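Here is the naming used below: chain letters follow the sequence lines, and residue numbers restart at 1 for every chain. As the structure is a prediction and not an experimental result, all values here were calculated from the model.
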Amino acid sequence: MPELPEVEVVRRGLERWVAGRTAGEVEVLHPRAVRRHLAGGVDFAARLTGARFGTAMRRGKYLWVPLDEAAAAGSLLGHLGMSGQLLVQPEGAPDEKHLRIRIRFADAVGTELRFVDQRTFGGLSLHENTPDGLPDIIAHIARDPLDPAFDDAAFHTALRLRRTTVKRALLDQSLISGVGNIYADEALWRARLHYDRPTATLTRPKSAELLGHVRDVMNAALAQGGTSFDSLYVNVNGESGYFDRSLDAYGREGEPCHRCGTPMARRPWMNRSSYYCPRCQRPPRVRP
DNA sequence: TATCCGACCTGTTGGC
DNA sequence: TGCCAACAGGTCGGAT
């Protein structure tokens, strides 16, 4: 599934292939793909048509493109969800099986923007912007740790104040954005932290170390998977090369820990799975 | 108010 | 072989 590095690759692709162009005909082929656009698909298409795209922005896994001629100070907001792709395809190319939204351009370049999404967890929508230039609906989303303006000290303070556990905190988009289940497990393994460790017990050095590992995991993925924006198409296929080569925790149940050789464990967690090393990542003595 | 957790969705996998 | 349940997981919103 697209994680933050893949979303960044898509952002760069949009910046290169879509910025400065004007939307022509817009087709909404599946209503769920515009479910966050409360006025519905017809309104979405009508308002987007004729709008000129600015430079794509990103916060966490949300992408948005400022529009200069649709609703005043508005943006086209996108989230890829579990299986979403934004593709710039030649006009007339066969439709993808899960094509949800098609945006033609009012120019003669001969390409169109497509939103393709098998599981329809993602979608596109139009929103007004806050004074900060952020789509209003994502104003509550925290900055991601690759954002130069991310405040490490404030993150640590917020962690200490929460009465929750460390993995829940990593997945809390109002604390830190862009961390999904996979990267949370990877960063916790690197930091030798058990997922159920209460955040209130984390020292400042330990939370700084954890944050550093989150950044390392993301940067490594970006370095390995962030190549496709140089091609003609904005194309995230949902499979980062990083997943195949460099995972230390996620999906490795029963395989030896890359640090100590102990078989890795998997535990059901929040309708998901947590992968960890039972030796390197000891559970907290006092359960929260 | 803060935190928790089920629902949404569909292709794949594994068990019977 | 075929059927069905389990699984994957980001986000929202209702429940606690």
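- Under 4.0 angstrom from either OP1 or OP2 of B/dC5 there lies no side-chain N or O belonging to A/Asn271.
- Residues passing the ring-ring contact (aromatic ring centres under 6.0 Å, His included) test with A/His79 are A/Tyr62, sequence neighbours excluded.
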Quiz prompt | Criterion side chain to side chain donor-acceptor pair (under 3.5 Å) on A/Gln89 and A/Glu96, from CA distance to verdict | solution = CA-CA 10 Å; A/Gln89 294 280 48; A/Glu96 291 75 10; 2.7 Å; yes
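- Between A/Arg267 atom CZ and C/dA8 atom P there is a gap of 14 Å when expressed in whole angstrom units.
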Tabulate protein N/O versus nucleotide N/O from nucleotides 11-16 of chain C, keeping only pairs under 3.5 Å, one per line.
from	atom 1	to	atom 2	distance (Å)
C/dT11	OP1	A/His79	NE2	2.4
C/dT11	OP2	A/Gln173	OE1	3.3
C/dT11	OP2	A/Gln173	NE2	3.3
C/dT11	O3'	A/Tyr62	OH	3.3
C/dT11	O4	A/Arg272	NH2	3.4
C/dC12	OP1	A/Tyr62	OH	3.0

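- Rounded to an integer number of Å, the gap from NZ of A/Lys167 to C1' of B/dT3 is 18 Å.
- Using a 4.0 Å heavy-atom cutoff across all strands shown, A/Arg266 reaches sugar-phosphate atoms only and no base atom.
- Rounded to 10 degrees, the angle between the two end axes of the helix from B/dA2-C/dT16 to B/dC16-C/dG2 is 60°, with five pairs used at each end.
- For A/Asn181 and C/dG10, the CG to P distance is 6 Å, given to the nearest whole Å.
- Salt bridge A/Asp152/A/Arg215: present, at least one basic N to carboxylate O contact under 4.0 Å.
- We find that A/Asp144 and A/Lys61 are not joined by a salt bridge, their nearest charged nitrogen and carboxylate oxygen being 4.0 Å or further apart.
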Would you tabulate the nitrogen or oxygen pairs shorter than 3.5 Å linking the protein to nucleotides 9-15 of chain B?
from	atom 1	to	atom 2	distance (Å)
B/dG11	O4'	A/Gln118	OE1	3.1

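- Between A/Asp95 and A/Arg102 a salt bridge is recorded (basic side-chain N to carboxylate O distance below 4.0 Å).
- Atom CZ of A/Arg163 and atom P of B/dT1 are 15 Å apart (whole Å).
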Quiz prompt | Pair A/Glu27-A/Glu25, side-chain contact (heavy atoms from CB on, under 4.5 Å): steps then yes or no | solution = CA-CA 7 Å; A/Glu27 284 181 71; A/Glu25 182 190 3; 4.0 Å; yes
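- A salt bridge does not link A/Arg104 with A/Glu91: every distance from a Lys NZ or Arg NE/NH1/NH2 to an Asp or Glu carboxylate oxygen is 4.0 Å or more.
- For A/Tyr276, the ring-ring contact (aromatic ring centres under 6.0 Å, His included) test picks out A/His194, A/Tyr195, with sequence neighbours left out.
- Evaluation of the side-chain hydrogen bond (donor to acceptor under 3.5 Å, both in side chains) rule for A/Gln281 yields no partner, not counting sequence neighbours.
- Salt bridge status for A/Arg190 with A/Glu186: absent, with no side-chain N to carboxylate O gap under 4.0 Å.
- Nucleotide C/dG10 holds its P atom 10 Å from the CG atom of A/Asp185, rounded to whole Å.
- Note on A/Ser273: a side-chain N or O is less than 4.0 Å away from OP1 or OP2 of C/dA8.
- The distance from atom CE of A/Met270 to atom C1' of C/dA8 is 15 Å, rounded to the nearest whole Å.
- A/Glu15 has no carboxylate O lying under 4.0 Å from a charged side-chain N of A/Arg12, or vice versa, which leaves the two without a salt bridge.
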